[in-house]
2 protein chains.
Amino acid sequence: MTTRWLTPEEQRAWRAYVAATHLLEDAIDRQLQQDAGMPHLYYSILANLSEAPERRLRMTDLAEKTKITRSRLTYAVTRLEKDGLIRRENCRWDKRGSIAALTDEGMAVLERTAPGHVETVRTFLFDQLTDEQVEQLEEICTGIARALEGDGERPSVDEVPWLRRSSPSCS
Amino acid sequence: MTTRWLTPEEQRAWRAYVAATHLLEDAIDRQLQQDAGMPHLYYSILANLSEAPERRLRMTDLAEKTKITRSRLTYAVTRLEKDGLIRRENCRWDKRGSIAALTDEGMAVLERTAPGHVETVRTFLFDQLTDEQVEQLEEICTGIARALEGDGERPSVDEVPWLRRSSPSCS
DNA sequence: TGGTCTTGGTTCAAGTTTGAAACAAACCTA
DNA sequence: TAGGTTTGTTTCAAACTTGAACCAAGACCA
C-alpha cells in the first residue's frame, strides 16, 4: 500500500493546527511563568489536585489526568513540593503508592493566579471563537483524544504497522 | 472588573483541547523519535527547509516558520548539523546572518521518514475527523494563530493588562 | 564621521523532559 | 508459600528548552 499524502485542505489544517497549538501553549506558559512562577503543566497539576476529593490524588491518577508520564510527574511534584505547594503522603492501602496533596499554600497560589490564567485562555482562545466553534473544537478534540487513549492505555506507537515509502512534505 | 470564568461548555472544550494536543504531540514525538531519531520540531525544521527555495533559509525566517525562539533553533540546528542533515552557511548580503541549508543526507532522511509521519498524523488526527471538521479545525486554528501573532511580533504577555482576583478552576 | 539604536545570532546556566533501568510492594499460581 | 510477574514510583544520564546576557554588524542621524 502506498502512502496517502495529505490533501491540500488537510495540509492547511495541519499547519494551522501546529502553529496555533505551539503559539497558544507558549503564550500560556509565559503568562503563568510570570504570574505564578511555573509552567502550564505545573499549574494544571495544582488545578487537578484542587478539584480532587480531599485535594489529593495518587501519582498515577494524577499522571493520567494530566496526560503526562510518571517520571515527568515525579520531577514536577518534587519541585512543587520544594515550593511548599504540594505535600507527599504515602498511601495506606497500598504501600507502593504515593499521594500528592495540595497544601493550603498551593491552594492560595492557585486562587491568586487563576484569574490571570483564565483571562489568557479567554483572550487567545475563546475570544477568537464563536459559540459554535467552541462546540466544534470540543468534538474535534474529544475525537482525537479518544483515538489516542485506547481505553486508558496509550497505543504505543510501535504497535501500529507503519508504512515506509518515499517523498517528503508535511511539517 | 471581575473575572469571567469559563462556562461549562468552554471548560469542556478547554480540557478536551489540552488533552488532545498533549496526547497527539506525544504520539507524534514518539513515532518520529523511533523512526527518524528526532523529535517533531526537528523534523519540522527539515521539512520547512525542504520546501524553501534552494532548500535554505535564514535562521530568523526558519524560527518564524516553525514558531520557535531563536535560541531554541540555534540548539536544534547545531544538533542537526552534527548529524549531517543541515549545513550552516553565512549570508553574503548581511554578514550577521546565518543560513541553514538542508543537505542531501537531510533530504534523504526526510524522504525516508515522511510516510510514517504522515501516516501517524492521518491515523490519529484526520481519520478521526469528517471533511467538515477538517475545515472547522483549520478555521479555528487560523483564528487562534492570528490572535497570537500580532503581525509577526508576538504580543509579549505583559503588554496585556491582566486582571487579578480570586477563585481557581480551569486546568 | 562617530555615536547610538536595532537586528541577527549565539552562548550560558538553570530548569525541564525523556526513556530506560532500578526498586519495592502486591499479586498470582502451582 | 516460594517464585515469577505485574504494578507504582523513583532514579539517572542524556537531550532539550528557557530567558537573559552578549557580540557583531547593519541602520540611523546629528
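All heavy atoms count here, side chains included; hydrogens, waters and symmetry mates do not.
Inter-residue side-chain proximity for Ile86(B) and Ile45(B) is flagged as met; some heavy-atom pair is nearer than 4.5 Å.
Atom CG of Leu41(B) and atom P of dT17(C) are 16 Å apart (whole Å). As rounded to whole Å, 19 Å separates atom P of dG15(C) from atom CZ of Arg72(B). The CG atom of Leu80(A) sits 13 Å away from the C1' atom of dG15(C) (whole-angstrom rounding).
At its two ends the helix from dT1(C)-dA30(D) to dA30(C)-dT1(D) runs along axes set 10° apart, each axis drawn from five pairs and the angle rounded to 10°.
Scored by the side chain to side chain donor-acceptor pair (under 3.5 Å) test, Gln33(B) finds no partners at all (sequence neighbours excluded). Applying the side chain to side chain donor-acceptor pair (under 3.5 Å) test to Gln128(A) and every residue at least two apart in sequence or in another chain returns nothing. For the side chain to side chain contact (heavy atoms under 4.5 Å, CB included) test, residues two or more places apart in sequence or in another chain that qualify with Thr7(A) are Glu9(A), Glu10(A). Considering only residues two or more places apart in sequence or on other chains, Glu25(B) meets the salt bridge (Lys or Arg N to Asp or Glu O under 4.0 Å) condition with none of them. Ala36(A) pairs by the side chain to side chain contact (heavy atoms under 4.5 Å, CB included) definition with Leu32(A), Met38(A), Thr113(A), not counting sequence neighbours. Qualifying salt bridge (Lys or Arg N to Asp or Glu O under 4.0 Å) partners for Arg55(A), counting only residues two or more places apart in sequence or in other chains: none.
Of the residues near DNA chain D, Gln33(A) and Arg79(B), the one whose nearest nucleotide (by heavy atom distance) lies more toward the 5' end is Arg79(B). Between Trp93(A) and Asp94(B), the residue whose closest nucleotide on DNA chain C is further toward the 5' end is Asp94(B).
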Revision key, fill the gap. Letter by letter from the 5' end, nucleotides 9-14 of chain C scores (B base, S sugar-phosphate only, - none; protein heavy atoms under 4.0 Å) BBB---
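Once you apply a 4.0 Å limit to the heavy atoms of chain B, the touched nucleotides of DNA chain D run 5' to 3' over dA15(D) to dG26(D).
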Result block: side-chain N/O donor-acceptor pairs under 3.5 angstrom for residues 132-143 of chain B, not counting sequence neighbours:
{"residue": "Gln133(B)", "atom": "OE1", "partner": "Thr130(B)", "partner atom": "N", "Å": "3.1"}
{"residue": "Glu138(B)", "atom": "OE1", "partner": "Arg12(A)", "partner atom": "NE", "Å": "3.4"}
{"residue": "Thr142(B)", "atom": "OG1", "partner": "Glu138(B)", "partner atom": "O", "Å": "2.6"}

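For residues 91-103 of chain B, the set of pairs meeting the salt bridge (charged side-chain N to carboxylate O under 4.0 Å, His left out) definition, not counting sequence neighbours, comprises Arg58(B)-Asp94(B), Asp94(B)-Arg96(B). Among pairs with a residue in residues 72-89 of chain A, those fulfilling side chain to side chain donor-acceptor pair (under 3.5 Å) read Arg56(A)-Glu89(A), Thr78(A)-Arg88(A), Arg79(A)-Asp83(A), Glu81(A)-Arg88(A), at least two apart in sequence or across chains.
Aromatic ring pairs are classed by plane angle as parallel below 30°, tilted from 30° to 60° and perpendicular above 60°; the pair Trp14(B) and Phe126(A) is perpendicular.
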